[in-house]
Number of protein chains: 2
Amino acid sequence: MAGIKDIAKKTGLSVATVSRVLNNSALVSKDTKDKVLKAAKKLDYQPNLMAAALRSGKSKIIGVVVPEINNSFFSKIINGIEQKANAHNYTIIIAQSRESKEKETKAIQSLIQSKVDGILISISKETDDFDIIHSLKSNGMPIVFFDRPPPVKNVNEVVFDDYKGAYIATEHLIKQGCKSIIHIAGEPKVSIHRKRKNGFMDALKKNSYSLSESSIIYLSMNESEDTKTIQKLYKSQNSFDGIFAHGDESCLYLLNILKTIAVDVPKNVKMIGFGNKKFSRLTQPKLSTIDQRCLEMGEIATSRVLELLKPKNEISVKTKILSPKLVIRKSSFD
Amino acid sequence: MAGIKDIAKKTGLSVATVSRVLNNSALVSKDTKDKVLKAAKKLDYQPNLMAAALRSGKSKIIGVVVPEINNSFFSKIINGIEQKANAHNYTIIIAQSRESKEKETKAIQSLIQSKVDGILISISKETDDFDIIHSLKSNGMPIVFFDRPPPVKNVNEVVFDDYKGAYIATEHLIKQGCKSIIHIAGEPKVSIHRKRKNGFMDALKKNSYSLSESSIIYLSMNESEDTKTIQKLYKSQNSFDGIFAHGDESCLYLLNILKTIAVDVPKNVKMIGFGNKKFSRLTQPKLSTIDQRCLEMGEIATSRVLELLKPKNEISVKTKILSPKLVIRKSSFD
DNA sequence: TTGTATGCGTTATCAA
DNA sequence: TTGATAACGCATACAA
């Protein structure tokens with residue numbers, strides 16, 4: 001493992017020239033270039049990125065902060081980020097906030113100290129003050145938010161249209177002939193859950209479907225209890241033939257309950273989830289769902305931060321809203 | 001955002017003294033210490049980790065290479081790694097090989113160039129030569145393998161006992177009274193799949209259970225085809241009342257098939273999966289499974305590399321084998 | 001207890 | 001086209 005100095009010694013050139021070759025600084029003769037490259041390979045040259053970053057002021061690293069890596073939604077997005085970043089010769093450093101404001105702040109600080117050139121971040125649920133965001137902005141740190149932007153003006157963000165996703169899912173059930181559709185709702189404190197619920201309700205209204213109290217169900221996640229609830233509802237006059245679940249997880253959960261009480265999916269009831277999780281293809285029937293285009297979200301956010309990194313940039317600010325993709329499988333189609 | 005120099009200027013002390021305070025080098029008066037700390041806070045001091053690393057030769061970073069981050073097995077392990085590393089004031093950099101030997105090599109190289117102090121790695125499936133591992137070893141890079149060690153002598157490794165996991169799962173079914181157990185096997189090219197199959201077979205032998213050709217099933221993952229296969233087998237004289245699936249995914253898949261052909265789990269057939277995936281708690285009945293103690297694997301591997309980082313270390317080499325944990329839920333128990 | 005001076009490996013400026 | 005040299009921000013050996 002050699003450095004620039006070793007190559008200089010070996011070739012009899014100066015470190016400056018060697019550095020120029022290694023950075024394609026064009027002002028070198030083909031002869032010396034070849035000589036240097038050959039020596040580099042022979043000596044197993046490994047550039048010291050830290051030294052280069054220190055000197056140049058550019059680390060070629062992008063920092064990524066997500067709530068949780070063990071979450072396929074975020075890890076898919078990270079894949080998009082990594083691909084795009086690598087394609088532009090950038091490396092990424094991933095940090096987790098674990099939905100804690102304190103850890104989030106620490107993570108950001110740590111990225112700053114690691115001299116990342118830019119930051120991509122999805123804000124933790126717990127975070128309620130945004131001082132650090134403001135300080136990042138005023139320090140001129142290139143920063144792009146994805147999926148969960150902060151309530152701060154004039155920021156770059158890439159978000160997913162949860163409302164529309166829910167709307168589309170619901171309309172899909174309507175088109176499949178469902179006459180009475182219920183929504184398995186998520187924890188209302190979470191904003192995306194509220195958006196999905198609203199999308200569901202508006203789709204019903206728009207299509208002149210009636211919306212009763214029993215149209216929105218909050219499950220207890222206690223099996224026998226939920227089974228009773230669903231069975232009772234199914235046999236009541238408020239029965240349903242369509243289900244839009246706020247997530248694939250609850251869709252799976254419900255599918256199992258329906259099987260238990262001998263309701264056939266999709267014959268008797270059609271259902272659709274949200275998230276396009278891996279396991280949604282392993283059920284029988286396979287689950288229809290809404291795909292959030294995670295990979296694209298990561299790619300777009302990265303492209304944006306890469307733009308901000310270019311010296312020429314005018315300080316424009318953009319919000320990109322990703323539209324949902326309907327994934328039709330067996331659970332909503334026959 | 002200030003540096004060590006700014007603090008020196010502000011306090012009228014030398015950079016050396018400031019540096020000493022910031023590194024707890026003990027040889028400073030309480031007075032100057034207070035002065036420096038106060039100024040540091042006031043000026044919003046952010047250490048330049050790259051400069052410190054360059055000077056000290058220690059980056060306090062551990063590099064982690066995994067095949068895929070979007071895989072709950074690995075991301076759980078990473079959580080264990082991160083926790084342990086952070087607790088010791090180390091940061092981690094995560095790189096993905098995506099099961100490609102080429103990307104794996106690049107990832108390792110990139111970590112070296114980032115001057116990580118040590119490396120944790122789970123080898124990609126595709127990797128078939130181990131030159132880079134040997135060169136890392138001979139360069140004295142502290143390195144610990146987890147889950148998928150390379151076939152190289154004298155390395156530190158933390159692995160999971162897949163054979164034993166399968167054995168325990170099978171014996172569990174036997175204890176639950178199953179008389180005829182089948183195994184849903186995985187792709188035999190993958191070594192852990194072979195180990196699980198062997199554990200299954202040995203558990204049967206040990207308990208004097210007969211093992212026929214139809215005891216080991218390879219699914220096509222074509223729904224209707226697999227449904228027919230299972231239904232036919234279930235109604236044949238080689239019928240079964242216990243299933244050990246090589247993964248939770250195929251366990252879920254099979255559970256759905258059984259429901260479709262009206263076989264009750266766990267009454268008619270008991271089943272157990274492998275991996276303790278999140279969704280295994282969302283099925284009805286909930287899936288029994290084998291937990292691989294991912295968090296511990298990450299923690300142990302990190303502790304090991306941290307030991308190697310201590311100057312005093314004698315070059316001992318250890319293999320740690322993690323035993324499986326049986327998770328009994330409804331699918332194998334009534 | 002504190003300060004001076006040097007160097008980590010690289011890039012960038014200036015001169016040749 | 002190339003070389004000598006300063007500088008990036010910090011840690012540390014040595015001097016005071």
Side-chain angles (χ1 to χ4, degrees), chain A residues 1-37 39-40 43-61 89 91 109-110 112-117 311, chain B residues 1-37 39-40 43-61 89 91 109-117 139 311:
Chain A
M1 221 181 47
I4 211 175
K5 239 180 198 166
D6 305 287
I7 299 180
K9 206 169 287 172
K10 171 104 177 175
T11 56
L13 294 160
S14 73
V15 290
T17 307
V18 174
S19 170
R20 275 190 283 256
V21 173
L22 267 14
N23 291 294
N24 297 312
S25 300
L27 315 131
V28 279
S29 75
K30 188 165 184 340
D31 222 45
T32 55
K33 189 173 173 181
D34 292 346
K35 225 191 303 183
V36 168
L37 261 26
L43 297 177
D44 185 27
Y45 168 65
Q46 298 289 356
N48 184 326
L49 264 26
M50 298 206 148
L54 177 61
R55 177 60 238 240
S56 68
K58 264 93 192 58
S59 65
K60 303 284 275 182
I61 299 176
N89 278 313
T91 306
Q109 214 113 26
S110 162
I112 291 173
Q113 298 178 358
S114 296
K115 294 296 163 191
V116 297
D117 291 340
Chain B
M1 222 182 47
I4 211 176
K5 237 181 200 165
D6 305 287
I7 299 180
K9 207 169 287 173
K10 169 104 178 175
T11 57
L13 294 160
S14 73
V15 290
T17 307
V18 174
S19 170
R20 276 189 283 256
V21 172
L22 266 14
N23 292 295
N24 297 313
S25 300
L27 316 130
V28 279
S29 75
K30 189 164 182 340
D31 223 44
T32 53
K33 189 173 173 181
D34 292 345
K35 225 189 304 184
V36 168
L37 261 25
L43 298 177
D44 185 27
Y45 167 65
Q46 298 288 358
N48 184 325
L49 264 27
M50 298 206 149
L54 179 60
R55 175 60 236 244
S56 68
K58 262 93 193 60
S59 66
K60 304 283 276 180
I61 299 175
N89 278 314
T91 305
Q109 214 112 26
S110 161
L111 293 177
I112 291 173
Q113 298 177 358
S114 296
K115 294 296 163 191
V116 298
D117 291 339
N139 275 326

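All chains are named by letter (A, B, ...) in the order of the sequence lines, taking the proteins before the strands, and each is independently numbered beginning at 1.
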Query raised in the report: Atom NZ of A:Lys9 to atom C1' of D:dG3: distance rounded to whole Å?
Result: 16 Å
**Report entry** Heavy-atom donor-acceptor pair, B:Arg55 side-chain to C:dG9 base, under 3.5 Å
**Finding:** no
Query raised in the report: If you pin A:Val18 and B:Asn23 to their nearest nucleotides in DNA chain D, which one's is more 5'?
Result: A:Val18
Query raised in the report: Is A:Ser56 reaching over with its side chain to a backbone N or O of A:Ala52, donor-acceptor style, under 3.5 angstrom?
Result: yes
Query raised in the report: Looking across every strand, which nucleic acid part, if any, lies under 4.0 Å from A:Ala16 by heavy atom: base, sugar-phosphate, or nothing?
Result: base
Report summary line: Comparing A:Ala2 with A:Arg20, nearest DNA chain C nucleotide closer to 5' gives the residue A:Ala2
Query raised in the report: How close or far is atom P of D:dC8 from atom CG of B:Leu49, stated in whole angstroms?
Result: 19 Å
Query - B:Ser14 side chain near C:dT4 phosphate (N/O to OP1/OP2, under 4.0 Å) - result: no
Query raised in the report: Within this structure, what is the NZ-to-C1' distance between A:Lys60 and C:dT11, rounded to whole angstrom?
Result: 14 Å
Query raised in the report: Between B:Lys35 and B:Asp31, is the closest basic N to carboxylate O distance under 4.0 Å?
Result: no
Query - Separation of C:dC14 P from A:Leu27 CG (nearest whole Å) - result: 15 Å
Query raised in the report: Relative to the 5' end of DNA chain C, which residue comes earlier, A:Asn48 or B:Asp31, by the nucleotide with the nearest heavy atom?
Result: B:Asp31
Query - Steps toward side chain to side chain contact (heavy atoms under 4.5 Å, CB included) verdict (A:Met50, B:Ile61) - result: CA-CA 12 Å; A:Met50 298 206 148; B:Ile61 299 175; 4.0 Å; yes
**Report entry** Working for side chain to side chain contact (heavy atoms under 4.5 Å, CB included), residues A:Asn48 and B:Lys115
**Finding:** CA-CA 7 Å; A:Asn48 184 326; B:Lys115 294 296 163 191; 3.4 Å; yes
Report task. For D:dC10, take OP1 and OP2 only and decide whether either is under 4.0 Å from a side-chain N or O of B:Ser56. Result -> no
Requested in this report: Would you check, one step at a time, whether the test side chain to side chain contact (heavy atoms under 4.5 Å, CB included) holds for A:Thr32 with A:Arg20?
Outcome: CA-CA 10 Å; A:Thr32 55; A:Arg20 275 190 283 256; over 6 Å; no
**Report entry** Phosphate contact (D:dT1 OP1 or OP2) by A:Lys30 side-chain N/O below 4.0 Å
**Finding:** no
Report task. Starting from P on C:dG9, measure out to CE on B:Met50 and report it in whole angstrom. Result -> 15 Å
Requested in this report: Using a 4.0 Å heavy-atom cut-off across all strands, classify A:Ser19 as base, sugar-phosphate, or nothing.
Outcome: base
Query raised in the report: Quick one: A:Ile4 CD1 to C:dC8 P, roughly how many Å, whole number?
Result: 14 Å
Query raised in the report: Between A:Tyr45 and C:dG9, does any side-chain N or O lie under 4.0 Å from OP1 or OP2?
Result: no
Query raised in the report: How many Å lie between CD on B:Gln113 and C1' on C:dT10, as a whole number?
Result: 13 Å
Requested in this report: Specify the separation, in whole Å, of atom CG of A:Asn24 and atom P of D:dT1.
Outcome: 15 Å
Query raised in the report: Base, sugar-phosphate alone, or nothing: which one does A:Leu13 contact when heavy atoms must sit under 4.0 Å apart?
Result: sugar-phosphate
Report task. Establish, with yes or no, whether the OP1 or OP2 oxygen of C:dT1 is under 4.0 angstrom from a side-chain nitrogen or oxygen of B:Thr32. Result -> no
